[in-house]
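Structure record follows, encoded as C-alpha coordinates.
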Amino acid sequence: MLKAVRGTRDLLPPDTDLWNRVEAKVRDVMERYNFHEIRTPIFEDTQLFSRSVGEETDIVSKEMFTWEDRSRAIPAVPVLEVASGTRGRFSGQSLTLRPENTAGVVRAYIEHRLGDKGTLQKLYYIGPQFRRERPQKGRYRQFYQIGAEIIGPPSAGSESPIHDAEILEMLATLLDEVGLRDWQLQLNSVGGADDRARYNQALREALKPLLHQMCADCQRRAETNPLRVLDCKVPKDQPIIEKLPKVSEYLGEASREHFAAVGAMLDTVGIPYTINERMVRGLDYYTRTTFEFTHGGLGAQSAVLGGGRYDGLSESLEGPKAPGIGFAIGEDRLILALQSQGETIVEKLRAYIAPLGSGMNPHALKLARELRREGVSVDIGDEVFRLKRSFELAEKAGARFIVIVGENEVAAGQFAVKNLATAEQVQVQRAELAAYLKDSNPQPRKS
RNA sequence: GUGGGUGUAGUUCAGUGGUAGAACUCCGGACUGUGGCUCCGGCUGUCGAGGGUUCGAAUCCCUCCACCCACCCCA
(Lines give C-alpha, C1' and ligand atoms only; values in the text may rest on other atoms or scores of the structure.)
Protein backbone atom coordinates (compact mmCIF):
# COMPACT_ATOMS: atom_id res chain seq x y z
CA MET A 1 0.00 0.00 0.00
CA LEU A 2 1.21 3.48 -0.83
CA LYS A 3 1.39 5.65 2.23
CA ALA A 4 2.12 9.27 3.04
CA VAL A 5 5.90 9.57 3.11
CA ARG A 6 7.83 9.84 6.36
CA GLY A 7 7.25 13.06 8.22
CA THR A 8 4.20 14.04 6.17
CA ARG A 9 0.60 13.41 7.13
CA ASP A 10 -2.96 13.86 5.99
CA LEU A 11 -5.07 16.29 7.95
CA LEU A 12 -8.60 14.94 8.11
CA PRO A 13 -11.95 16.01 9.49
CA PRO A 14 -12.75 16.74 12.24
CA ASP A 15 -9.20 18.01 12.87
CA THR A 16 -9.36 20.22 9.79
CA ASP A 17 -12.32 22.03 11.35
CA LEU A 18 -10.06 23.10 14.19
CA TRP A 19 -7.30 24.09 11.75
CA ASN A 20 -9.77 26.23 9.85
CA ARG A 21 -11.09 27.83 13.00
CA VAL A 22 -7.54 28.79 14.00
CA GLU A 23 -6.76 30.17 10.55
CA ALA A 24 -9.99 32.16 10.42
CA LYS A 25 -9.10 33.70 13.79
CA VAL A 26 -5.60 34.50 12.54
CA ARG A 27 -7.01 36.34 9.51
CA ASP A 28 -9.43 38.21 11.75
CA VAL A 29 -6.68 39.36 14.13
CA MET A 30 -4.26 40.22 11.31
CA GLU A 31 -6.86 42.44 9.71
CA ARG A 32 -7.39 44.32 12.97
CA TYR A 33 -3.65 44.97 13.18
CA ASN A 34 -3.50 46.07 9.50
CA PHE A 35 -1.46 43.11 8.29
CA HIS A 36 -2.12 41.86 4.77
CA GLU A 37 -1.45 38.48 3.26
CA ILE A 38 1.53 37.64 1.11
CA ARG A 39 1.92 34.33 -0.72
CA THR A 40 5.40 33.40 -1.85
CA PRO A 41 6.46 30.31 -3.83
CA ILE A 42 6.92 27.04 -2.06
CA PHE A 43 10.36 26.59 -3.62
CA GLU A 44 13.08 29.13 -4.19
CA ASP A 45 16.62 29.39 -5.41
CA THR A 46 18.77 27.52 -2.89
CA GLN A 47 21.02 30.53 -2.40
CA LEU A 48 18.16 32.50 -0.87
CA PHE A 49 18.30 30.26 2.18
CA SER A 50 22.04 29.74 2.41
CA ARG A 51 22.55 33.51 2.40
CA SER A 52 19.79 34.41 4.86
CA VAL A 53 19.28 31.55 7.28
CA GLY A 54 23.02 30.91 7.21
CA GLU A 55 25.33 28.41 5.56
CA GLU A 56 26.45 26.96 8.89
CA THR A 57 23.03 26.46 10.46
CA ASP A 58 21.60 22.95 10.78
CA ILE A 59 18.66 23.94 8.62
CA VAL A 60 20.82 24.81 5.63
CA SER A 61 23.65 22.38 6.15
CA LYS A 62 21.59 19.23 6.56
CA GLU A 63 17.84 19.70 6.62
CA MET A 64 16.82 21.15 3.25
CA PHE A 65 15.04 19.36 0.43
CA THR A 66 17.22 20.49 -2.46
CA TRP A 67 17.41 19.33 -6.07
CA GLU A 68 18.89 20.39 -9.35
CA ASP A 69 16.32 21.62 -11.83
CA ARG A 70 16.72 21.35 -15.58
CA SER A 71 16.54 25.09 -15.81
CA ARG A 72 17.84 27.58 -18.33
CA ALA A 73 17.67 30.35 -15.76
CA ILE A 74 21.36 30.00 -15.13
CA PRO A 75 23.51 30.66 -18.22
CA ALA A 76 23.81 27.31 -19.87
CA VAL A 77 27.29 25.95 -19.57
CA PRO A 78 27.80 23.13 -22.06
CA VAL A 79 29.98 20.44 -20.62
CA LEU A 80 31.55 18.21 -23.17
CA GLU A 81 30.73 14.65 -22.55
CA VAL A 82 33.96 13.02 -23.46
CA ALA A 83 32.45 9.58 -23.57
CA SER A 84 29.53 10.37 -25.84
CA GLY A 85 31.45 12.89 -27.84
CA THR A 86 28.94 15.37 -29.19
CA ARG A 87 26.27 15.79 -26.54
CA GLY A 88 26.40 18.74 -24.23
CA ARG A 89 24.89 19.12 -20.77
CA PHE A 90 23.32 22.14 -19.11
CA SER A 91 24.13 22.97 -15.54
CA GLY A 92 20.83 23.17 -13.71
CA GLN A 93 19.55 25.61 -11.16
CA SER A 94 19.65 24.49 -7.53
CA LEU A 95 16.17 24.75 -6.03
CA THR A 96 14.99 24.17 -2.45
CA LEU A 97 11.64 23.64 -0.78
CA ARG A 98 11.33 26.53 1.63
CA PRO A 99 12.38 25.59 5.20
CA GLU A 100 10.93 28.86 6.53
CA ASN A 101 9.17 31.85 5.03
CA THR A 102 10.90 35.02 6.20
CA ALA A 103 13.59 34.71 3.53
CA GLY A 104 10.96 34.45 0.81
CA VAL A 105 9.07 37.47 2.12
CA VAL A 106 12.21 39.60 2.23
CA ARG A 107 13.17 38.41 -1.27
CA ALA A 108 9.75 39.50 -2.53
CA TYR A 109 10.12 42.82 -0.68
CA ILE A 110 13.37 43.47 -2.51
CA GLU A 111 12.23 42.13 -5.89
CA HIS A 112 9.06 44.24 -6.00
CA ARG A 113 10.70 47.32 -4.47
CA LEU A 114 8.13 47.44 -1.71
CA GLY A 115 10.47 49.74 0.18
CA ASP A 116 9.91 52.40 -2.45
CA LYS A 117 6.35 52.79 -1.24
CA GLY A 118 7.93 54.57 1.71
CA THR A 119 5.60 52.97 4.22
CA LEU A 120 5.96 50.09 6.57
CA GLN A 121 4.99 46.74 5.05
CA LYS A 122 2.93 44.57 7.40
CA LEU A 123 2.68 41.15 5.80
CA TYR A 124 1.43 37.76 6.97
CA TYR A 125 1.44 34.26 5.54
CA ILE A 126 0.03 30.83 6.29
CA GLY A 127 1.56 27.86 4.57
CA PRO A 128 3.62 24.68 4.48
CA GLN A 129 7.35 24.58 5.14
CA PHE A 130 9.78 21.69 4.69
CA ARG A 131 12.70 20.40 6.69
CA ARG A 132 14.26 16.97 6.43
CA GLU A 133 14.48 16.17 10.15
CA ARG A 134 13.69 13.01 12.05
CA PRO A 135 9.98 13.30 12.92
CA GLN A 136 8.76 13.33 16.50
CA LYS A 137 5.98 14.92 18.52
CA GLY A 138 5.30 18.39 17.13
CA ARG A 139 7.91 18.00 14.42
CA TYR A 140 7.16 17.01 10.84
CA ARG A 141 8.97 17.19 7.52
CA GLN A 142 6.08 19.12 6.04
CA PHE A 143 4.77 21.46 8.68
CA TYR A 144 2.73 24.63 8.68
CA GLN A 145 3.73 28.07 9.79
CA ILE A 146 1.67 31.15 10.42
CA GLY A 147 3.96 34.15 10.31
CA ALA A 148 4.04 37.90 10.00
CA GLU A 149 6.67 40.52 9.25
CA ILE A 150 6.93 44.26 9.75
CA ILE A 151 9.58 45.55 7.39
CA GLY A 152 10.43 48.85 5.71
CA PRO A 153 12.94 51.63 5.30
CA PRO A 154 14.23 53.17 8.54
CA SER A 155 12.52 56.44 7.57
CA ALA A 156 9.18 54.64 7.96
CA GLY A 157 10.02 53.73 11.53
CA SER A 158 10.93 50.10 10.92
CA GLU A 159 13.58 50.13 13.63
CA SER A 160 11.30 51.46 16.33
CA PRO A 161 10.87 49.29 19.43
CA ILE A 162 7.15 50.04 19.26
CA HIS A 163 6.87 47.45 16.50
CA ASP A 164 8.64 44.82 18.58
CA ALA A 165 6.10 45.50 21.29
CA GLU A 166 3.21 45.65 18.83
CA ILE A 167 4.09 42.23 17.44
CA LEU A 168 4.38 40.70 20.90
CA GLU A 169 1.12 42.27 22.03
CA MET A 170 -0.59 40.98 18.89
CA LEU A 171 0.70 37.47 19.56
CA ALA A 172 -0.58 37.57 23.12
CA THR A 173 -3.99 38.64 21.80
CA LEU A 174 -3.99 36.02 19.08
CA LEU A 175 -3.13 33.17 21.46
CA ASP A 176 -5.74 34.38 23.94
CA GLU A 177 -8.47 34.68 21.32
CA VAL A 178 -7.70 31.34 19.77
CA GLY A 179 -8.18 29.87 23.22
CA LEU A 180 -4.66 28.87 24.24
CA ARG A 181 -4.20 29.01 27.99
CA ASP A 182 -1.03 29.16 30.08
CA TRP A 183 1.43 30.28 27.44
CA GLN A 184 4.74 31.85 28.46
CA LEU A 185 6.69 34.56 26.69
CA GLN A 186 10.47 34.46 26.86
CA LEU A 187 12.39 37.47 25.69
CA ASN A 188 16.01 38.19 24.94
CA SER A 189 18.22 40.53 22.96
CA VAL A 190 21.18 39.22 21.01
CA GLY A 191 22.30 42.72 20.02
CA GLY A 192 23.36 44.00 16.65
CA ALA A 193 25.76 42.18 14.36
CA ASP A 194 28.80 43.81 16.02
CA ASP A 195 27.54 43.03 19.51
CA ARG A 196 27.00 39.44 18.61
CA ALA A 197 30.43 39.02 17.08
CA ARG A 198 32.05 40.42 20.22
CA TYR A 199 29.92 38.21 22.44
CA ASN A 200 30.74 35.11 20.41
CA GLN A 201 34.43 35.90 20.75
CA ALA A 202 34.10 36.41 24.50
CA LEU A 203 32.24 33.12 24.87
CA ARG A 204 34.86 31.20 22.93
CA GLU A 205 37.61 32.55 25.14
CA ALA A 206 35.72 31.94 28.37
CA LEU A 207 34.97 28.39 27.28
CA LYS A 208 38.47 27.46 26.23
CA PRO A 209 39.83 26.51 29.68
CA LEU A 210 36.54 24.86 30.74
CA LEU A 211 35.76 22.75 27.73
CA HIS A 212 37.42 19.57 28.93
CA GLN A 213 34.90 19.44 31.81
CA MET A 214 31.90 19.76 29.54
CA CYS A 215 29.77 17.34 27.53
CA ALA A 216 30.83 16.25 24.06
CA ASP A 217 28.07 18.30 22.44
CA CYS A 218 29.29 21.46 24.11
CA GLN A 219 32.85 20.84 22.99
CA ARG A 220 31.58 20.70 19.44
CA ARG A 221 29.29 23.71 19.87
CA ALA A 222 32.12 25.85 21.20
CA GLU A 223 33.66 25.53 17.77
CA THR A 224 30.63 25.74 15.50
CA ASN A 225 28.26 28.03 17.38
CA PRO A 226 29.24 29.05 20.92
CA LEU A 227 25.80 30.54 21.61
CA ARG A 228 24.33 27.06 21.50
CA VAL A 229 26.32 26.11 24.61
CA LEU A 230 23.90 28.30 26.55
CA ASP A 231 21.08 26.01 25.44
CA CYS A 232 22.72 22.86 26.85
CA LYS A 233 20.55 20.75 29.15
CA VAL A 234 23.20 18.44 30.60
CA PRO A 235 23.04 18.89 34.41
CA LYS A 236 26.77 18.84 35.10
CA ASP A 237 27.36 21.65 32.60
CA GLN A 238 24.89 24.00 34.25
CA PRO A 239 27.18 25.48 36.94
CA ILE A 240 29.77 26.22 34.26
CA ILE A 241 27.22 27.87 31.99
CA GLU A 242 25.92 30.01 34.87
CA LYS A 243 29.32 31.66 35.13
CA LEU A 244 29.78 32.40 31.43
CA PRO A 245 29.60 36.00 30.24
CA LYS A 246 26.05 37.22 29.61
CA VAL A 247 24.75 38.72 26.36
CA SER A 248 23.40 41.75 28.16
CA GLU A 249 26.96 42.74 29.12
CA TYR A 250 27.95 42.90 25.46
CA LEU A 251 25.05 44.94 24.10
CA GLY A 252 25.98 48.31 22.69
CA GLU A 253 24.25 51.41 24.05
CA ALA A 254 21.71 51.55 21.20
CA SER A 255 20.74 47.89 21.54
CA ARG A 256 20.45 48.23 25.29
CA GLU A 257 18.08 51.19 25.04
CA HIS A 258 16.06 49.51 22.31
CA PHE A 259 15.56 46.41 24.42
CA ALA A 260 14.68 48.43 27.51
CA ALA A 261 12.05 50.32 25.51
CA VAL A 262 10.43 47.08 24.35
CA GLY A 263 10.26 45.81 27.93
CA ALA A 264 8.82 49.08 29.19
CA MET A 265 6.03 49.01 26.61
CA LEU A 266 5.12 45.43 27.43
CA ASP A 267 4.95 46.40 31.10
CA THR A 268 2.64 49.30 30.29
CA VAL A 269 0.35 47.19 28.16
CA GLY A 270 0.39 44.40 30.72
CA ILE A 271 1.91 41.53 28.77
CA PRO A 272 3.76 39.18 31.12
CA TYR A 273 7.20 37.98 30.02
CA THR A 274 10.44 36.66 31.39
CA ILE A 275 13.87 37.67 30.17
CA ASN A 276 15.88 34.60 29.33
CA GLU A 277 19.46 35.45 28.47
CA ARG A 278 20.11 31.82 27.61
CA MET A 279 17.46 31.65 24.93
CA VAL A 280 19.21 31.05 21.62
CA ARG A 281 17.71 31.22 18.17
CA GLY A 282 19.07 29.06 15.42
CA LEU A 283 18.88 31.33 12.41
CA ASP A 284 21.78 33.60 11.58
CA TYR A 285 19.75 36.64 10.59
CA TYR A 286 18.35 37.48 14.02
CA THR A 287 19.47 40.71 15.66
CA ARG A 288 18.42 42.53 18.82
CA THR A 289 15.00 41.37 20.07
CA THR A 290 14.36 37.63 19.99
CA PHE A 291 11.46 35.80 21.59
CA GLU A 292 9.70 32.51 22.00
CA PHE A 293 6.25 31.55 23.25
CA THR A 294 6.15 28.17 24.96
CA HIS A 295 3.40 25.85 26.16
CA GLY A 296 3.33 22.67 28.22
CA GLY A 297 1.55 19.76 26.58
CA LEU A 298 3.86 19.83 23.59
CA GLY A 299 6.44 17.34 24.81
CA ALA A 300 10.05 18.17 24.09
CA GLN A 301 9.19 20.68 21.38
CA SER A 302 7.75 23.22 23.78
CA ALA A 303 8.10 26.28 21.53
CA VAL A 304 4.80 27.07 19.89
CA LEU A 305 6.24 30.08 18.11
CA GLY A 306 9.47 32.01 17.76
CA GLY A 307 10.77 35.12 16.15
CA GLY A 308 12.84 38.22 16.33
CA ARG A 309 14.30 41.22 14.63
CA TYR A 310 16.44 40.95 11.47
CA ASP A 311 17.82 44.40 10.79
CA GLY A 312 20.48 43.32 8.30
CA LEU A 313 18.69 40.60 6.36
CA SER A 314 17.65 42.67 3.36
CA GLU A 315 21.18 43.93 2.84
CA SER A 316 22.66 40.45 3.04
CA LEU A 317 20.34 39.61 0.10
CA GLU A 318 21.65 42.64 -1.79
CA GLY A 319 18.54 44.66 -0.98
CA PRO A 320 18.14 48.15 0.45
CA LYS A 321 18.43 48.86 4.15
CA ALA A 322 15.19 47.42 5.50
CA PRO A 323 15.10 46.52 9.18
CA GLY A 324 12.29 44.21 10.20
CA ILE A 325 10.80 42.01 12.85
CA GLY A 326 8.66 38.92 12.55
CA PHE A 327 7.65 35.58 13.94
CA ALA A 328 6.53 32.15 12.89
CA ILE A 329 3.92 30.10 14.71
CA GLY A 330 4.24 26.34 14.40
CA GLU A 331 0.63 25.74 13.42
CA ASP A 332 0.90 21.98 13.97
CA ARG A 333 2.15 22.69 17.49
CA LEU A 334 -0.52 25.29 18.18
CA ILE A 335 -3.17 22.73 17.21
CA LEU A 336 -1.48 20.10 19.41
CA ALA A 337 -1.43 22.49 22.34
CA LEU A 338 -5.11 23.34 21.85
CA GLN A 339 -6.01 19.66 21.61
CA SER A 340 -4.02 18.92 24.77
CA GLN A 341 -6.40 21.36 26.47
CA GLY A 342 -9.34 19.35 25.18
CA GLU A 343 -10.29 21.87 22.52
CA THR A 344 -12.73 20.43 19.98
CA ILE A 345 -15.33 21.67 17.56
CA VAL A 346 -18.72 21.45 19.28
CA GLU A 347 -21.34 21.83 16.58
CA LYS A 348 -20.57 20.21 13.26
CA LEU A 349 -23.88 20.63 11.52
CA ARG A 350 -26.98 22.74 12.10
CA ALA A 351 -29.72 20.56 10.69
CA TYR A 352 -30.19 17.07 9.34
CA ILE A 353 -33.12 16.57 6.99
CA ALA A 354 -34.79 13.19 7.20
CA PRO A 355 -36.98 12.31 4.23
CA LEU A 356 -39.58 9.88 5.48
CA GLY A 357 -40.58 7.16 3.11
CA SER A 358 -41.06 6.76 -0.58
CA GLY A 359 -40.94 9.76 -2.81
CA MET A 360 -39.80 12.26 -0.17
CA ASN A 361 -36.31 12.81 -1.59
CA PRO A 362 -37.33 15.59 -4.02
CA HIS A 363 -39.07 17.47 -1.21
CA ALA A 364 -36.07 17.02 1.06
CA LEU A 365 -33.66 18.33 -1.55
CA LYS A 366 -35.90 21.34 -2.23
CA LEU A 367 -36.13 22.16 1.47
CA ALA A 368 -32.37 21.70 1.86
CA ARG A 369 -31.80 24.11 -1.01
CA GLU A 370 -34.00 26.75 0.61
CA LEU A 371 -32.29 26.44 3.96
CA ARG A 372 -28.77 26.34 2.55
CA ARG A 373 -29.44 29.48 0.54
CA GLU A 374 -30.48 31.13 3.79
CA GLY A 375 -27.09 30.25 5.25
CA VAL A 376 -28.00 27.24 7.35
CA SER A 377 -25.61 24.27 7.28
CA VAL A 378 -27.74 21.30 6.27
CA ASP A 379 -27.21 17.69 5.36
CA ILE A 380 -29.78 15.28 3.95
CA GLY A 381 -30.34 11.59 4.36
CA ASP A 382 -31.90 9.12 1.99
CA GLU A 383 -35.56 8.19 2.33
CA VAL A 384 -36.12 5.60 5.04
CA PHE A 385 -39.21 4.26 6.69
CA ARG A 386 -37.79 3.82 10.13
CA LEU A 387 -37.38 7.17 11.81
CA LYS A 388 -35.13 5.57 14.39
CA ARG A 389 -32.56 5.07 11.69
CA SER A 390 -32.77 8.72 10.66
CA PHE A 391 -32.25 9.83 14.22
CA GLU A 392 -29.18 7.67 14.54
CA LEU A 393 -27.72 9.09 11.34
CA ALA A 394 -28.52 12.67 12.39
CA GLU A 395 -26.82 11.99 15.69
CA LYS A 396 -23.78 10.56 13.96
CA ALA A 397 -23.57 13.55 11.63
CA GLY A 398 -23.26 15.78 14.69
CA ALA A 399 -26.40 17.74 13.84
CA ARG A 400 -28.10 20.12 16.25
CA PHE A 401 -31.57 19.66 14.77
CA ILE A 402 -33.39 17.03 12.80
CA VAL A 403 -36.07 18.16 10.34
CA ILE A 404 -38.60 15.53 9.34
CA VAL A 405 -39.95 15.63 5.79
CA GLY A 406 -42.94 13.30 5.47
CA GLU A 407 -46.16 13.38 3.51
CA ASN A 408 -48.04 15.11 6.33
CA GLU A 409 -45.40 17.87 6.57
CA VAL A 410 -45.24 18.54 2.86
CA ALA A 411 -49.05 18.70 2.63
CA ALA A 412 -49.36 21.03 5.62
CA GLY A 413 -46.42 23.24 4.64
CA GLN A 414 -44.87 22.91 8.07
CA PHE A 415 -42.19 20.65 9.38
CA ALA A 416 -41.40 18.81 12.58
CA VAL A 417 -38.14 20.12 13.99
CA LYS A 418 -36.52 18.43 16.94
CA ASN A 419 -33.54 19.65 18.92
CA LEU A 420 -31.40 16.57 19.32
CA ALA A 421 -29.78 17.81 22.51
CA THR A 422 -32.84 18.93 24.42
CA ALA A 423 -35.42 16.63 22.77
CA GLU A 424 -37.68 19.65 22.34
CA GLN A 425 -39.86 19.33 19.23
CA VAL A 426 -42.00 21.91 17.46
CA GLN A 427 -43.87 22.41 14.19
CA VAL A 428 -42.47 25.28 12.13
CA GLN A 429 -43.95 26.92 9.04
CA ARG A 430 -41.86 26.45 5.94
CA ALA A 431 -41.24 30.19 5.57
CA GLU A 432 -40.00 30.53 9.13
CA LEU A 433 -37.83 27.45 9.24
CA ALA A 434 -34.51 29.04 8.28
CA ALA A 435 -34.92 31.79 10.84
CA TYR A 436 -35.90 29.31 13.51
CA LEU A 437 -32.84 27.14 12.87
CA LYS A 438 -30.48 30.10 12.76
CA ASP A 439 -31.80 31.89 15.82
CA SER A 440 -31.82 29.02 18.24
CA ASN A 441 -28.90 29.20 20.61
CA PRO A 442 -26.54 26.28 20.47
CA GLN A 443 -27.03 24.16 23.56
CA PRO A 444 -24.27 22.00 24.94
CA ARG A 445 -24.87 18.47 23.81
CA LYS A 446 -25.37 15.73 26.33
CA SER A 447 -22.29 13.57 26.25
C1' G B 1 22.56 11.19 11.90
C1' U B 2 22.14 8.53 17.21
C1' G B 3 19.26 5.97 21.05
C1' G B 4 14.76 3.70 23.21
C1' G B 5 9.74 1.77 22.58
C1' U B 6 5.84 -0.39 19.61
C1' G B 7 3.95 -3.27 15.24
C1' U B 8 -2.22 -8.85 15.99
C1' A B 9 -9.69 -6.94 12.98
C1' G B 10 -11.77 -0.22 11.05
C1' U B 11 -10.07 1.34 16.51
C1' U B 12 -8.02 0.14 21.48
C1' C B 13 -5.66 -4.02 22.94
C1' A B 14 -5.22 -9.51 25.09
C1' G B 15 -2.82 -13.72 23.47
C1' U B 16 5.22 -16.79 25.94
C1' G B 17 5.52 -23.10 21.06
C1' G B 18 -0.27 -26.60 19.90
C1' U B 19 -7.68 -24.53 16.30
C1' A B 20 -6.09 -16.31 16.06
C1' G B 21 -9.41 -13.67 20.48
C1' A B 22 -12.19 -9.56 23.46
C1' A B 23 -14.32 -4.80 23.73
C1' C B 24 -15.84 -0.84 20.88
C1' U B 25 -17.03 0.41 15.76
C1' C B 26 -19.61 -1.26 11.46
C1' C B 27 -23.86 -4.18 9.04
C1' G B 28 -28.74 -6.70 9.69
C1' G B 29 -32.96 -7.73 12.85
C1' A B 30 -36.44 -7.09 17.28
C1' C B 31 -38.34 -1.75 15.28
C1' U B 32 -42.31 1.25 8.36
C1' G B 33 -43.74 8.49 12.25
C1' U B 34 -39.50 9.87 17.04
C1' G B 35 -32.71 9.06 18.68
C1' G B 36 -29.01 8.08 22.66
C1' C B 37 -30.73 2.30 26.08
C1' U B 38 -31.46 -2.97 25.61
C1' C B 39 -31.48 -7.77 23.28
C1' C B 40 -30.38 -11.25 19.07
C1' G B 41 -27.45 -12.31 14.80
C1' G B 42 -23.39 -11.16 11.37
C1' C B 43 -18.81 -9.13 8.62
C1' U B 44 -13.82 -7.91 9.27
C1' G B 45 -7.09 -10.46 9.74
C1' U B 46 -1.19 -11.94 4.12
C1' C B 47 -0.56 -11.63 13.35
C1' G B 48 4.54 -5.24 9.64
C1' A B 49 7.87 -8.00 5.59
C1' G B 50 11.41 -11.76 4.41
C1' G B 51 14.35 -15.73 6.03
C1' G B 52 15.73 -19.44 9.86
C1' U B 53 14.87 -23.16 14.08
C1' U B 54 10.84 -26.82 15.00
C1' C B 55 6.48 -32.33 13.91
C1' G B 56 4.23 -27.47 14.75
C1' A B 57 5.82 -20.19 15.20
C1' A B 58 1.65 -14.31 16.39
C1' U B 59 5.03 -16.57 20.19
C1' C B 60 12.10 -18.37 19.71
C1' C B 61 16.50 -16.48 16.38
C1' C B 62 18.38 -13.22 12.23
C1' U B 63 17.68 -9.28 8.65
C1' C B 64 14.81 -5.42 6.91
C1' C B 65 10.66 -1.88 7.11
C1' A B 66 7.12 1.37 9.33
C1' C B 67 5.26 4.28 13.27
C1' C B 68 5.93 6.70 18.09
C1' C B 69 9.12 9.06 21.73
C1' A B 70 13.75 11.24 22.97
C1' C B 71 18.75 13.31 21.59
C1' C B 72 20.31 16.85 18.01
C1' C B 73 17.86 21.13 16.03
C1' C B 74 13.82 24.19 15.58
C1' A B 75 8.14 26.34 14.62
Taking N or O atoms only and anything under 3.5 Å, show me the protein contacts with nucleotides 64-71 of chain B, one pair per line.
from	atom 1	to	atom 2	distance (Å)
B/A66	O2'	A/Lys3	NZ	3.3
B/C67	OP2	A/Arg6	NE	3.1
B/C67	OP2	A/Arg6	NH2	3.2
B/C69	OP2	A/Lys137	N	2.7
B/A70	OP1	A/Ala300	N	2.9
B/A70	OP2	A/Gln136	NE2	3.2
B/C71	N4	A/Arg139	NH2	3.3

Among the nucleotides [options], which one has an atom lying closest to any side-chain atom of [X]?
| X | options | answer |
| --- | --- | --- |
| A/Glu409 | B/G33, B/G36, B/C31 | B/G33 |
| A/Leu283 | B/G35, B/G33, B/A75 | B/A75 |
| A/Arg389 | B/C31, B/U34, B/C27 | B/C27 |
| A/Lys396 | B/U34, B/C26, B/G35 | B/C26 |
| A/Phe391 | B/A75, B/C27, B/G35 | B/G35 |

Sugar-phosphate, base or nothing in reach of [X], heavy atoms under 4.0 Å:
| X | result |
| --- | --- |
| A/Leu356 | base |
| A/Gln425 | base |
| A/Val384 | nothing |
| A/Glu407 | base |
| A/Ala354 | nothing |

[atom1] atoms of [N] and [M], separation to the nearest Å:
| N | M | atom1 | result |
| --- | --- | --- | --- |
| B/U59 | B/A20 | P | 13 Å |
| B/U32 | B/C26 | C1' | 23 Å |
| B/G15 | B/A22 | P | 15 Å |
| B/G17 | B/C37 | P | 40 Å |
| B/U44 | B/U2 | P | 43 Å |
| B/C69 | B/C31 | C1' | 49 Å |
| B/C73 | B/C64 | C1' | 28 Å |
| B/C71 | B/U12 | C1' | 30 Å |

Check your understanding: When only distance counts, do a donor and an acceptor, one from the side chain of A/Lys418 and one from the base of B/G35, lie under 3.5 Å apart?
Key ->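 Such a pair exists between side chain and base.
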Check your understanding: Side-chain donor or acceptor of A/Glu392 under 3.5 Å from a matching atom on the base of B/G35?
Key ->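 Checked by distance alone, the answer is no.
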Residues [X] and [Y]: side-chain donor-acceptor under 3.5 angstrom:
| X | Y | result |
| --- | --- | --- |
| A/Gln186 | A/Glu292 | no |
| A/Glu55 | A/Ser61 | no |
| A/Ser189 | A/Thr289 | no |
| A/Thr224 | A/Glu56 | no |

Identify the nucleotide, in any strand shown, that forms a Watson-Crick or G-U wobble pair with [N], with both distances under 3.5 Å; if there is none, say none.
| N | result |
| --- | --- |
| B/C37 | none |
| B/A22 | B/U12 |
| B/A57 | none |
| B/A75 | none |
| B/U44 | none |
| B/C67 | B/G5 |
| B/G50 | B/C62 |

Review point. With a centroid cutoff of 5.5 Å and a plane-angle limit of 30°, would you call A/Phe385 stacked on B/G33?
Key: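 Stack criterion not met.
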Starting from [atom2] on [N], measure out to [atom1] on [X] and report it in whole angstrom.
| X | N | atom1 | atom2 | result |
| --- | --- | --- | --- | --- |
| A/Gln427 | B/U34 | CD | P | 14 Å |
| A/Ile335 | B/A75 | CD1 | C1' | 13 Å |
| A/Leu393 | B/C31 | CG | C1' | 15 Å |
| A/Arg131 | B/C73 | CZ | C1' | 9 Å |
| A/Met64 | B/C73 | CE | C1' | 15 Å |
| A/Gln186 | B/A75 | CD | C1' | 15 Å |
| A/Arg132 | B/G1 | CZ | P | 6 Å |
| A/Ile404 | B/U32 | CD1 | P | 16 Å |

Point to revise | A/Asn188 and A/Val280, any side-chain heavy atoms less than 4.5 Å apart | key: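 Contact flag for A/Val280/A/Asn188 side chains = no.
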Exercise for review: Map A/Arg386 and A/Ile59 onto RNA chain B by nearest heavy atom, then report which one ends up closer to the 5' terminus.
Suggested key: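 Result: A/Arg386.
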**Study point:** Over 12 foreign heavy atoms within 6.0 Å of CZ, A/Arg204
**Key:**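 Yes - once you tally the heavy atoms of other residues, nucleotides and ligands closer than 6.0 Å, there are more than 12.
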Review point. Is A/Glu111 atom CD crowded by more than 12 heavy atoms from other residues, nucleotides or ligands, each under 6.0 Å away?
Key: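 Yes - once you tally the heavy atoms of other residues, nucleotides and ligands closer than 6.0 Å, there are more than 12.
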Point to revise | Counterpart residues, ring-ring contact (aromatic ring centres under 6.0 Å, His included), relative to A/Tyr144 (two or more places apart) | key: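 In terms of ring-ring contact (aromatic ring centres under 6.0 Å, His included), with neighbours along the sequence ignored, A/Tyr144 is linked to A/Trp19.
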Check your understanding: What is the distance from atom CG of A/Leu168 to atom CG of A/Leu266, rounded to the nearest 0.5 Å?
Key ->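 Rounded to the nearest 0.5 Å, the CG-CG separation comes to 5.5 Å.
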**Study point:** Results of side chain to side chain donor-acceptor pair (under 3.5 Å) for A/Gln427 - residues two or more places apart only
**Key:**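 Residues passing side chain to side chain donor-acceptor pair (under 3.5 Å) with A/Gln427: none at all.
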